[in-house]
Amino acid sequence: MAAQDYNQLLRSPQFQELVRQRTRFAWTLSIVMLVIYFGFILLVAFAKPLLATKIGGGVTSLGIILGLGVIVSAFVLTGIYVQRANSRFDELTRHLTREIL
Amino acid sequence: MPRLLILAIATLVALDASSSNVLAAGPDLGAVQKQPLNWTAIIMFLVFVLGTLGITYRAAAQTKSAADFYAAGGGITGFQNGLAIAGDYMSAASFLGISGLVFASGFDGLIYSIGFLVGWPIVLFLIAERLRNLGKFTFSDVASFRLDQTQIRILSAVGTLVVVAFYLIAQMVGAGKLIELLFGLDYLYAVIIVGVLMIVYVAFGGMKATTWVQIIKACLLLAGATLMSLIVLWRFGFSPEAMFAEAVKVHPKGDAIMAPGALVADPVSAISLGLALMFGTAGLPHILMRFFTVSDAQAARKSVFYATGFIAYFYILTFIIGFGAITFLMNDPSFFKLGAGGAYDKVKDILGGTNMAAIHLASATGGSLFLGFISAVAFATILAVVAGLTLSGASAVSHDLYAEVIARGRASEQKEVNISKISAIVIGIVAIFLGYIFENQNVAFMVGLAFAVAASCNFPVLLMSVLWKGTTTRGALIGGLLGLVSAVVMVVLSKAVWVQTFGFARELFPYDNPAIFSMPIAFLGIWAFSKMDASNRAKIEVAAFDAQYIRSETGIGAAAAHVH
């Protein structure tokens, strides 16, 4: 590709739309993961009694439920991203490549 | 090449004669606890070795080009790569170490496994697709895409080799100790067997063989851990609550095992460790290399999704296994070293140390056959992980240092692959040697250090060069070096090395993990020195960002490893 093609592509609304949508989506999910994880770590560091609270009358504690929740959330977040990327972002990319090639 | 190998083995066997007195001085996992030869385990392990050697033989026949050697010809599917990534990541340390930690202190083990998992979504959201779109064989390809080939490749090759070295030492020493315990083999022989097998896999079979070793091992490990967890849960009528209740009754710490304990005493260390685990994952060279084995960005993305699923599932299993070990083992004196009158400490006196909890649980739930199977799986796990590390280190030497820096891109493909094979042999020999030297050292901090360096050098350089237009060679080089050096220096001055290894009275750096300081140092360094860089080269590099940006975002013009 020559330099003017790059410029054309960079300025094309489709390219900007793709990058804008995906960047926003990826950073949002990253921040959600960071908040969940470091939220959990801060609870472990500063709210030990809260995490020791019993759930449902047995010995299972809130900490165990939240910890497993963090594990599941990591998997779910990757699932959400892949789902969106496979449909929306791949479609936008296909449009874009078809246009320039 | 074979002559070199034989020479190395002969040298090391000769060294063995003088090692017996060193062995006796072992502080924790010494010769005292060496087990009698465990034939079931050995036979099952031999089956694994023969099977994987068969695969290596076939892979060697199909491995012709550099793309075959480094990236398995780009012919691995997203699902297979997900399994292979999980295989690379589920080391014996995380299987035995985390279940042992849960056995010893319950909930605290969960904190560790969560840290190891949460880096994966970040890898997916920010790194995986761009890496596949921009790179060919190593992550240095990506970091040096528009920057100076020589300087940035040297930096990222050094980053790779440092991470590989620390990781490898930890794995080799762990492997030697573990095999001594499990199979009743001498430490040195165990280390040599691991070293020689990993050389064979990597030097002959390249990425294809390494990937299939990873996949088979991942399946065996997941199957074994699943079976063990099911037996445990079955005993409690598949009620986790019943299992927890029994564990609280049996464990000497009682109800405290259900809540955070001493592991996270100091919030700064906890957050720092969290940062290192989370972002270190996105800077581990042997993991990043896996994204070049698939055909395109879509497959790269899917492989992270599958890998995250497998790893998450695996960590939930280790949690169940840890609690299972508490309930099955703690009241059974046959698993403990007995003191006067048959008394024993339910945590400290477990035979072989708490890392053996999962192994003993295998024996308690499935008898000697299952014990043999799980032992063989643990050995296979170590082997697969060190093979992945060796390939990554060998690629840094041949593809980055030799082909791009020394030969300035004029090396023939065949020559480059040969250099890589020789590097794999040298790394294997060095690893055997390091495993031998470090036998009686405390190496537990080394995996943490590998993650800290990956998070403070490889990850910032990679992320900034791909995402920030203003990054220049000078900025990336100085910032990356600052991250690397500060991480290593802070670890050396911390308690684990300064006090426990060097024997000084007080540590000079108060926290266990440096990432909370060394990561900002790296990012700020890259930013500041790029900003101050007014050279002509810097202008050209900034101008070249647009082309890189388009390719990283869309894959237009991406190297297709499989069409070579």
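Below, read A as the first sequence line, B as the second, and so on, with proteins coming before strands; counting in each chain starts at 1. Because only heavy atoms are used, hydrogens play no part in the values below, and waters and symmetry mates are left out as well, while side chains stay in.
- F15(A) contributes atom CZ, which lies 5.0 Å from atom CD1 of I550(B) (distance to the nearest 0.5 angstrom).
- Side-chain contact between P267(B) and L42(A): absent, with no pair of heavy atoms (C-beta onward) separated by less than 4.5 Å.
- In this structure, chain A has no heavy atom under 4.5 Å from any part of F310(B).
- For L467(B), the part sitting under 4.5 Å from any heavy atom of chain A is the side chain, from C-beta outward, and nothing else.
- If you measure heavy-atom distances from I122(B) to chain A, the contacts under 4.5 Å come from the side chain alone.
- Note on T93(A), V82(A), V76(A): by heavy-atom pairs under 4.5 Å with chain B, the leading option is V82(A).
- Two residues are said to be in side-chain contact when any heavy atoms from C-beta on lie closer than 4.5 Å; I41(A) and I111(B) meet this criterion.
- Most heavy-atom pairs under 4.5 Å with chain B, from the set N86(A), I55(A), T53(A), V70(A): that is N86(A).
- Interface summary for chain B: among A52(A), G67(A), A85(A), the most heavy-atom pairs under 4.5 angstrom belong to A85(A).
- Remark: L277(B) CG to Y37(A) OH distance equals 5.5 Å, nearest 0.5 Å.
- Within the 4.5 Å cutoff, no side-chain heavy atoms of V304(B) are placed close to those of Y81(A).
- If you measure heavy-atom distances from V248(B) to chain A, the contacts under 4.5 Å come from the side chain alone.
- Ring orientation note: the planes of F305(B) and F75(A) are close to parallel, at an angle under 30° on the 30°/60° scale.
- Taken to the nearest 0.5 Å, the CG atom of L92(A) stands 12.0 Å off from the OG1 atom of T554(B).
- How far CH2 of W120(B) is from CE of M33(A): 14.0 Å, rounded to the nearest 0.5 Å.
- Contact of F319(B) with chain A is made through the side chain alone, with heavy-atom distances under 4.5 Å.
- Side-chain contact between L9(A) and I556(B) is present, with heavy atoms from C-beta onward closer than 4.5 Å.
- One distance of note links CZ of R301(B) with CZ of R84(A); it measures 12.0 Å at 0.5 Å rounding.
- For the atom pair CZ of F125(B) and CZ of R22(A), the computed distance is 13.5 Å after rounding to the nearest 0.5 Å.
- Interface residue F244(B): backbone and side-chain heavy atoms are both found under 4.5 Å from chain A.
- No more than 12 heavy-atom neighbours from other residues, nucleotides or ligands sit within 6.0 angstrom of OH on Y112(B).
- When the candidates V19(A), L43(A), I36(A) are compared by the number of heavy-atom contacts under 4.5 Å with chain B, V19(A) comes out ahead.
- With contacts defined as side-chain heavy-atom distances shorter than 4.5 Å, the pair I71(A)/L110(B) qualifies.
- Residues K249(B) and V59(A) have side chains not in contact (no heavy-atom distance under 4.5 Å, counting atoms from C-beta outward).
- By the 6.0 Å contact criterion, CD on E17(A) is enclosed, its count of non-hydrogen atoms from other residues, nucleotides or ligands being greater than 12.
- Of the atoms belonging to F46(A), it is side-chain heavy atoms, and not backbone ones, that fall under 4.5 Å from chain B.
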